Amino acid sequence: MPAITLPDGSVRCFEGSVTGTELAAAIGPGLARAALAMKLDGTLVDLAHEIDRDAGVVFVTRRDPEALGLIRHDAAHVLAEAVQDLYPGTQVTIGPAIEDGFYYDFARNEPFTPEDFPVIEARMREIVARNAVFEREVWDREAAIAFFEARGERYKAELIRDLPESETITFYKQGDWIDLCRGPHMRGTGDVGDAFKLMKVAGAYWRGDHRNAMLSRIYGTAWRDRSELDAYLHRLAEAERRDHRRIGREMDLFHIQEEAVGSIFWHPNGWRLYRTAESYMRRRLNAAGYQEVRTPQLVDRSLWEASGHWEKFREHMFIATVEHEEKTLALKPMNCPCHVQIFRQGIKSYRDLPLRMAEFGSCHRYEPSGALHGIMRVRAFTQDDAHIFCTEAQIAPETVRFVDLLASIYRDFGFPEFAVKFADRPAQRAGSDVVWDRAEAALKEACATAKVSYELNRGEGAFYGPKLEFVLRDAIGRDWQCGTLQVDFVMPERLDAEYVAEDGARHRPVMLHRAILGSFERFLGMLIEQYAGRFPLWLAPVQVAVATVVSDADEYAAGLAEALRRAGLEVRLDLRNEKINAKIREHSLAHVPVLAVVGRKEAASGTVALRRLGGEAQEVLGRDAAIARLAQEAMPPDLGRQPPASNWLDPARSGKL
RNA sequence: GCCGACGUAGCUCAGGGGUAGAGCAACUGAUUCGUAAUCAGUAGGUCCUCGGUUCGAUUCCGAGCGUCGGCACCA
């Protein structure tokens, strides 16, 4: 006698078990039409599922967020049926719903091409129009394996073999087509609707392992209705416009060419952006108690052998030899071994700890060619790296300080939101489990103290210790790890770092490897996409364009531009014989944040008309007031937080100078 | 690294077995104009590289390099 509780709190009792379909019908015809699936005590199940005990039921309709996942999963099944229909002999493997869509991996000798899409989509629409009912079937394990093997579907057979013995093997049938699937599904293929589109083909390793065969993956997107699909496609087009590679070219920030794959040629505009970020970081690190150092690029193999990099990291390293000497050197892929060398100079006392050693460390790593991506993933990059040499007891407080600093810096750069992942011990690791227990516990405690909530990234820690990953999302929706904090008990041991403790004995320090931006290259790529090139004034590579309306104002404009430069602003003077409309358009397209327009009126009255990028309003200010205002606005956020310069003359503060 | 697509003017892209075109940008000239494109003209190409097929290849074929999208790998 199940008593079923509905979301409004009402309870319905039934004589015997009921299906979701029957329950919905009992509640009302509108719901019966709209219900696609239901949540049974929080678990999403088919409408055909029999409810035989007391339970809470929430129906899922097209309007609910859960509907998207169902539509996409069902669309993947429809895709698979269409493909097997059109290309006999193609094996099916897996096809899940993913963010914004779905994919299905096929095993087929011939690759798919985007030219196949119209044909496949047409067949998919036929299958949707047919509206075959999704029927769930429970199969015996051996029968299921035999079934797929008889059809030559060896991937499916392998999947079933690897399912735990306890798992119920379920198939879903849509008309004549049948697939191994956990479910749940909607009522029938018709519920997929017409708001789907195949997007791209790609290779993907079977089970995500590069030692396995490469399958053909077809990606699609699916939505509740056409307008959602159109909005998504529009969003993609917008994202493409934000792409840092495109903006990098348009704003003349940088380029990359064949002779230096994975390395960046920074142009004047881009380098100005870079230096602005670097100066800001240098100030923030100094203020946070870091000491900056600089260590060699080329370091002898023996140090890499001692650190373990030669063994664990060699295939990622650029190795250099010289003609006249029997030496092997390597371009540093990381800064840590060099920092330990500085730490080891002289005797360190516990009083020196925590010792925060920072370097804008230029590193080279031989990254796989397929991994390279604009300036986000390169082979030559500069980390805002630092190593904190400390005691075990200092791990937690140092982590709290670090997270605070990172959050403040991300905020200043316009990233109020970021994800944190906790990567714990990997299968291949150095150090005993006792040490790992300690390191992980210390880091977890630190997270709790710093009120950092994280997602567990199991087994992804560094070989020497657990790490926190601070992840930002780019315009295309890809996540990039930028900041990191890694607890390391191993490197100090390998490279023999020690300090004299209170007890007079020598102890090993702990090393915290940490970066906030991660690499300047990646972070600046993120920054470009975050702002779509329309940087706030302090970051903009060109801050003000002074443009004349008529050539009579040339002299006045030149004087204004010079005064703005003296005030520390990056200025372009546009005296060209062009209409002011054209000048405004060009500087706007170049994302110059402030346009200072001067014509006869301004020249005569000693004023300037300011126009902000993206706005149409103009503001006419006196020359000096405008310069002072812009100089103030262009102040980096960390300096802007301090009292303005005029306070230096405040007698109350003069004692400190 | 793997799978696939792509590589033509500075940029965006057409084209196609008989050595190439558009728009924008550039350059020259005219125009002095008030908040997102003034007009006219000129110039610009080893059609990624190397090899093959062919009377002839930028076009077809192969290899290499690079880029792009995924996968794998990672800041």
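Everything numeric in this text was worked out from a predicted model, so none of it was measured. Each chain gets a letter, A, B and so on, in the order the sequences are listed, and its residues count up from 1.
- For B:rG17, there is no paired base (Watson-Crick or G-U wobble, both distances below 3.5 Å).
- Nucleotide B:rC47 forms a pair with no other nucleotide shown, judged by Watson-Crick or G-U wobble geometry with both contacts under 3.5 Å.
- Note: CD (A:E578) to P (B:rA25) measures 9 Å, nearest angstrom.
- A donor-acceptor contact closer than 3.5 angstrom links the side chains of A:Q486 and A:Y464.
- Less than 6.0 angstrom separates the ring centroid of A:F106 from the ring centroid of A:F112.
- Taking the side chain of A:M214 as heavy atoms from C-beta on, and the options B:rU35, B:rU38, B:rC2, the nearest nucleotide is B:rC2.
- In this entry the distance linking CD1 of A:I247 with P of B:rU12 reads 14 Å, nearest Å.
- Computed from coordinates, the A:N212 CG to B:rG1 C1' distance equals 15 Å when rounded to whole Å.
- Remark: A:R72 is positioned above the aromatic ring of A:W223, its terminal NZ or CZ atom under 6.0 angstrom from the ring centre and at most 45 degrees off the axis.
- Using a 4.5 Å cut-off on side-chain heavy atoms (C-beta onward), A:Y104 and A:V92 make contact.
- Across the strands present, B:rA57 finds no partner; the criterion is a Watson-Crick or G-U wobble pair with both atom distances under 3.5 angstrom.
- A:R249 has its CZ atom 13 Å from the P atom of B:rU67, to the nearest Å.
- When both distances must be under 3.5 Å, the Watson-Crick or G-U wobble mate of B:rG69 is B:rC3.
- The base of B:rA75 lies close enough to the side chain of A:E367 for a donor and an acceptor atom to sit less than 3.5 Å apart.
- A donor N or O paired with an acceptor N or O is not found under 3.5 Å between the base of B:rG1 and the side-chain atoms of A:Y366.
- The partner of B:rA40 is B:rU28, judged by Watson-Crick or G-U wobble contacts that both fall below 3.5 Å.
- With rounding to whole Å, A:E586 atom CD is found 14 Å from B:rU35 atom C1'.
- Pairing partner, B:rC33: none, since no Watson-Crick or wobble contact has both distances short of 3.5 Å.
- Using N1 to N3 plus N6-O4 or O6-N4 for Watson-Crick, or N1-O2 and O6-N3 for G-U wobble, each under 3.5 Å, B:rU12 pairs with B:rA22.
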